2 protein chains.
Amino acid sequence: MDAFINYCNKISPLTAEAIEELSSRIKSKTFKKGQVINKEGQICRNFFFINKGLVKHYYPYKGRIFIIRFFSENNVFTVLDSFIQQAPAVFTTIALEDTETMQLTYNDIQELCKRHHCFETIIRKIFGMAAVINLKRIKEMFDGDATELYKNFEIENHHLLQRISLGDIASYLGISQVTLSRIRANP
Amino acid sequence: MDAFINYCNKISPLTAEAIEELSSRIKSKTFKKGQVINKEGQICRNFFFINKGLVKHYYPYKGRIFIIRFFSENNVFTVLDSFIQQAPAVFTTIALEDTETMQLTYNDIQELCKRHHCFETIIRKIFGMAAVINLKRIKEMFDGDATELYKNFEIENHHLLQRISLGDIASYLGISQVTLSRIRANP
DNA sequence: TCTTTCTTTTTACCTATGTTAAAAAATTAA
DNA sequence: TTAATTTTTTAACATAGGTAAAAAGAAAGA
């Protein structure tokens with residue numbers, strides 16, 4: 001829990017009262033490797049902070065899967081569209097490793113934002129950063145051919161390279177496993 | 001200006017004081033068709049509301065251009081990454097039609113957020129929506145082949161179809177003009 | 001109205017990447 | 001350690017869509 005409060009404080013300072021209320025609301029929850037955290041069609045009612053582990057967030061389409069993003073320790077995540085609109089998710093989220101999280105419900109976030117301006121500031125900044133990250137992802141998807149996409153991924157996600165399978169990297173880049181294997185063979 | 005206040009109030013109510021301060025800070029600015037609003041490399045210092053007109057937001061890469069998004073009347077826009085981080089933009093924004101906007105500076109937004117919790121709530125929601133829209137765009141980019149991408153675009157942007165050139169639509173979909181022309185020929 | 005410029009379509013050709021299937025390698029379980 | 005399962009590589013083939021260039025059409029300026 002301290003890790004999350006720390007994470008928040010780095011973004012913008014929390015008052016003592018906000019920390020107290022936050023602490024009383026936040027709950028911990030762990031997921032086993034391979035466990036579904038939120039399935040498509042299901043409303044995502046929680047906002048997570050990852051203490052430890054790795055998660056993939058994907059879009060199942062015509063039998064293939066397309067990975068939107070990976071989330072790892074010391075980051076927040078939620079099924080953004082589903083959470084914000086409290087509507088069924090089009091994405092599925094599953095744990096790629098045993099994962100420990102802290103969570104706040106939709107209602108917790110609403111109440112904390114309403115009661116503590118300092119917390120609303122933090123959420124505003126988190127949402128802003130999420131928008132920027134998604135924007136960057138759109139840009140990257142345009143960046144040239146499969147080889148360039150992979151080179152880019154290697155640079156941007158160096159720290160995760162060994163933890164993610166080739167198949168999942170291919171799904172993230174929107175190319176086939178075979179193509180990615182070819183790229184690795186002829187660098 | 002009323003249009004923007006209206007837009008805000010629909011998201012979450014503003015107090016009278018917030019409206020007053022907002023009114024005193026907001027400025028109007030118009031752009032001629034083809035005029036650059038913000039160029040890559042340049043820091044975007046403003047947050048815009050479009051009263052009238054159409055804008056394209058693109059990523060110039062290796063001689064080609066890739067359009068991230070179109071913005072039209074009754075919507076806010078800014079070069080999100082550049083604005084939030086006050087860092088040089090990687091995108092360029094230009095007016096596709098004569099465009100009338102209202103604008104607030106980075107500093108205006110910071111001050112308004114700090115002084116009026118109600119305004120911070122609105123910005124939080126706007127950023128949240130921006131993140132969701134970008135997420136949706138990522139998803140759409142995975143949606144099948146060029147033909148499906150175009151069908152999708154036709155549905156989602158029906159109201160803009162007649163205002164955007166074939167070349168720009170192709171740039172938005174990440175396909176060549178020739179391919180799009182082929183698609184239109186063989187529906 | 002005629003000319004110039006910009007946009008869209010068509011044609012021809014080529015290459016990157018998808019698909020399917022099978023072999024090889026690596027990881028996990030027994 | 002061996003067996004079972006999963007992941008990665010390799011090969012052969014098919015094709016969607018890219019590039020370049022020219023023709024046709026539409027819009028803008030003189």
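Computed from a predicted structure; not experimentally measured. Just so you know, these numbers use all the heavy atoms, side chains as well, and skip hydrogens, waters and symmetry mates. A note on names: the letters A, B, ... follow the listed sequences, proteins ahead of strands, and every chain is numbered from 1.
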The side chain to side chain donor-acceptor pair (under 3.5 Å) partners of A/Thr78 (sequence neighbours excluded) come to none
Students should find that the nucleotides of DNA chain D closing off the region near chain A, any atom under 4.0 angstrom from a heavy atom, are D/dT8 to D/dA12
Contacts of B/Tyr59 meeting ring-ring contact (aromatic ring centres under 6.0 Å, His included) (sequence neighbours excluded), chain-then-number -> B/Tyr61
Parallel, tilted or perpendicular, judged at 30° and 60°: which one describes the rings of A/Phe83 and A/Phe47?
tilted
Those residues at least two apart in sequence (or on a different chain) that pass ring-ring contact (aromatic ring centres under 6.0 Å, His included) with B/His117 are A/His117
- request: Please determine if B/Lys114 and B/Glu120 form a salt bridge, counting it only when a charged side-chain N lies under 4.0 Å from a carboxylate O.
  value: no
Contact check, residues 163-173 of chain A vs DNA chain C, heavy-atom distance under 4.0 Å, returns none
**Prompt:** Hey, are the side chains of B/Ile175 and B/Tyr150 touching, using non-hydrogen atoms and a 4.5 Å cut-off?
**Reply:** no
Residue pairs passing the side-chain hydrogen bond (donor to acceptor under 3.5 Å, both in side chains) test with at least one member in residues 27-40 of chain A, sequence neighbours excluded, are none
Residues at least two apart in sequence or cross-chain that pass side chain to side chain donor-acceptor pair (under 3.5 Å) with B/Lys56, listed by chain then number, are B/Asp168
By ring-ring contact (aromatic ring centres under 6.0 Å, His included), B/Phe70 pairs with (sequence neighbours left out) B/Tyr172
Sorted by chain and number, sequence neighbours left out, ring-ring contact (aromatic ring centres under 6.0 Å, His included) with A/Phe71 holds for A/His57, A/Phe77
With A/Tyr7 as partner, the option from A/Asp2, A/Ile126, A/Ile122 fulfilling side-chain contact (heavy atoms from CB on, under 4.5 Å) is A/Ile126
So salt bridge (charged side-chain N to carboxylate O under 4.0 Å, His left out) across residues 60-81 of chain A, not counting sequence neighbours, yields A/Lys62-B/Glu148, A/Glu73-A/Arg163
One would report the end-axis bend of the helix from C/dT1-D/dA30 to C/dA30-D/dT1, five pairs per end and rounded to 10 degrees, as 50°
Here the distance between atom C1' of C/dT7 and atom CG of B/Leu96, to the nearest Å, is 14 Å
Under a 4.0 Å heavy-atom criterion, the protein footprint on nucleotides 12-22 of chain C, written with B, S and -, is B----SBBB--
